[in-house]
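Counting from 1, the numbers follow the sequence of the chain as shown.
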Amino acid sequence: MSAPLFLVDDLPAGSSYTLTGPEGHHAATVQRLRAGEALILADGRGGLATAEVTAVGKGAVEVRVTAREHTAAADPRLVVAQGIAKGDRGELAVQAMTEIGVDEILPWAATRSVAQWRGERGAKSLQKWAATAREAAKQARRAWLPVVGGDPDCSTKQVAARLADAAAGFVLHEEATVRLASAELPSSGEIVLVVGPEGGIADAERAAFEEAGAVAVRLGREVLRTSTAGVAALAVLSARLGRW
């Protein structure tokens, strides 16, 4: 089993470090690490430090750094505009997409989104998505934390603008004739993928995205849920781009 990963604001400059706060509590109390065991410190920006536990205190772990490395940011960069879904389906999508390797997630306020992020509820929902991505990144031992954008969500106009600036843009749609598995991909830049909510993407939204340069694509004959469509599409892209 690989060593557990803990997120820190900045990697330690020296060889000794004390992991405190929520991460220290998790390491000492929840995971119950002991002296001699290995762990990984990550700053979420590509920096990793392998360390060995030297002592365990109340809510804190003393470690000795044994190695450091830096992982370059992925290129092309994978961005998913995820239609806001009801219940926990959005969080399920965020969790799985983070584990797959998404680089940025945009909560999209689609016309057919049942749930609406407004005011305090919107801010809390965005924070929940960000927390879900953070925990999933730790579980997946990711060197880079995915960005969860939105203020707190993104409008169709804002998503269209991202598509216009992207190296490639794709809209998952069940009536599309182009398969994502055979669509042309750029060698660099940003690939933006749009995933609709439970009710799908409205015709006006699809038209706006295609006007911005996006291509409507499909995965297969099956119609996937909003919580799994982005995950499946990212798997296809990861394999084609050589990430897997």
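A single hydrophobic cluster is seen to contain both L11 and V61, as judged by linkage of ILVMFWY side chains at heavy-atom distances under 4.5 Å, directly or through other members. When hydrophobic clusters are built by joining Ile, Leu, Val, Met, Phe, Trp and Tyr residues whose side-chain heavy atoms come closer than 4.5 Å, directly or via intermediates, Y17 is not grouped with L48. Cluster membership check: L163 does not share its hydrophobic cluster with L185, using side-chain heavy-atom separations under 4.5 Å among Ile, Leu, Val, Met, Phe, Trp and Tyr. Under a hydrophobic-cluster definition in which Ile, Leu, Val, Met, Phe, Trp and Tyr are linked whenever side-chain heavy atoms come within less than 4.5 Å, directly or via other members, V147 and L7 are assigned to different clusters. In the hydrophobic cluster analysis, where Ile, Leu, Val, Met, Phe, Trp and Tyr join through side-chain heavy atoms closer than 4.5 angstrom, W144 is grouped apart from L241.
One distance of note links CD of E222 with OG1 of T228; it measures 11.0 Å at 0.5 Å rounding. With rounding to the nearest 0.5 Å, the separation of CG in L19 from NE2 in H25 is 12.0 Å. Between the NZ atom of K157 and the CD atom of E205 there is a distance of 15.0 Å, given to the nearest 0.5 Å. Taking CG of L5 as the reference point, atom CZ of R141 lies at 7.0 Å (rounded to 0.5 Å). Note that OG1 of T156 and CZ of R206 are 15.0 Å apart. Values are rounded to the nearest 0.5 Å. Distance CG/L234 to CG/L180: 9.0 Å, rounded to 0.5 Å.
Minimum interatomic distance between A166 and E190 (heavy atoms only, all atoms of both residues): CB-O, 3.4 Å. The shortest non-hydrogen separation linking G196 to I201 is CA-CG1, 3.7 Å. Residues A216 and V178 come closest through the heavy atom pair O-CB, 3.8 Å. A28 and V56 get closest at one heavy-atom pair: CB-CG1, 3.8 Å. Smallest separation of non-hydrogen atoms from A137 and L145: CB-CD2, 3.4 Å. The two residues V171 and A214 have their closest heavy-atom pair at CG2-CB, 3.8 Å.
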Donor-acceptor contacts under 3.5 Å from residues 114-122 side chains, at least two apart:
from, atom 1, to, atom 2, distance (Å)
Q116, NE2, S113, O, 2.8
R118, NH1, D153, OD2, 3.3
E120, OE2, K124, NZ, 3.2

Return a table of donor-acceptor pairs under 3.5 angstrom between the side chains of residues 98-107 and protein atoms on other chains or two or more places apart.
from, atom 1, to, atom 2, distance (Å)
T98, OG1, V94, O, 2.8
D103, OD2, L78, N, 2.8
D103, OD2, R243, NH2, 2.7
E104, OE1, R77, NH1, 2.8
E104, OE1, R77, NH2, 3.1
E104, OE1, R162, NH2, 3.1
E104, OE2, R162, NH1, 3.2

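Inter-residue side-chain proximity for F6 and P4 is flagged as met; some heavy-atom pair is nearer than 4.5 Å. Inter-residue side-chain proximity for V194 and V159 is flagged as met; some heavy-atom pair is nearer than 4.5 Å. The closest side-chain heavy-atom distance from L126 to V148 is below 4.5 Å. Between L41 and P12, some side-chain heavy-atom pair lies under the 4.5 Å cut-off. In this structure, the side chains of I84 and P197 stay at 4.5 Å or more apart for every pair of heavy atoms. Considering only heavy atoms from C-beta on, V217 comes within 4.5 Å of L172 through its side chain.
Partners of A85 by side chain to side chain contact (heavy atoms under 4.5 Å, CB included), not counting sequence neighbours, listed by chain and number: R89, E198, T226. For T18, the side chain to side chain donor-acceptor pair (under 3.5 Å) criterion is met by E62, not counting sequence neighbours. In this structure, F170 has no ring pair (Phe, Tyr, Trp, His ring centres under 6.0 Å) partners at least two apart in sequence or on a different chain. Residues satisfying the side chain to side chain donor-acceptor pair (under 3.5 Å) criterion with D165, sequence neighbours excluded, are absent altogether. Remark: E91 pairs with K128, W129, T132 by the side chain to side chain contact (heavy atoms under 4.5 Å, CB included) rule, at least two apart or across chains.
Applying the side-chain hydrogen bond (donor to acceptor under 3.5 Å, both in side chains) test to every pair with at least one member in residues 35-61, sequence neighbours left out, gives these pairs: D10-R45, E52-R64. Applying the salt bridge (charged side-chain N to carboxylate O under 4.0 Å, His left out) definition to pairs two or more places apart or across chains, those involving residues 11-29 are E23-K138. Among residue pairs with one or both ends in residues 195-217, those qualifying as ring pair (Phe, Tyr, Trp, His ring centres under 6.0 Å) are W108-F209; sequence neighbours excluded. The side-chain hydrogen bond (donor to acceptor under 3.5 Å, both in side chains) pairs that include a residue from residues 174-185 number zero, where partners must be two or more places apart or lie in different chains.
Grouped by direct or indirect side-chain proximity (heavy atoms under 4.5 Å, Ile/Leu/Val/Met/Phe/Trp/Tyr only), L92 sits alone.
Heavy-atom contacts from other residues, nucleotides or ligands closer than 6.0 Å to CG of D75 number more than 12. For E135, the CD atom counts as densely surrounded, since its 6.0 Å shell holds more than 12 non-hydrogen atoms of other residues, nucleotides or ligands. Summarising the local packing, CZ of R225 is surrounded by 12 or fewer heavy atoms from other residues, nucleotides or ligands at distances under 6.0 Å.
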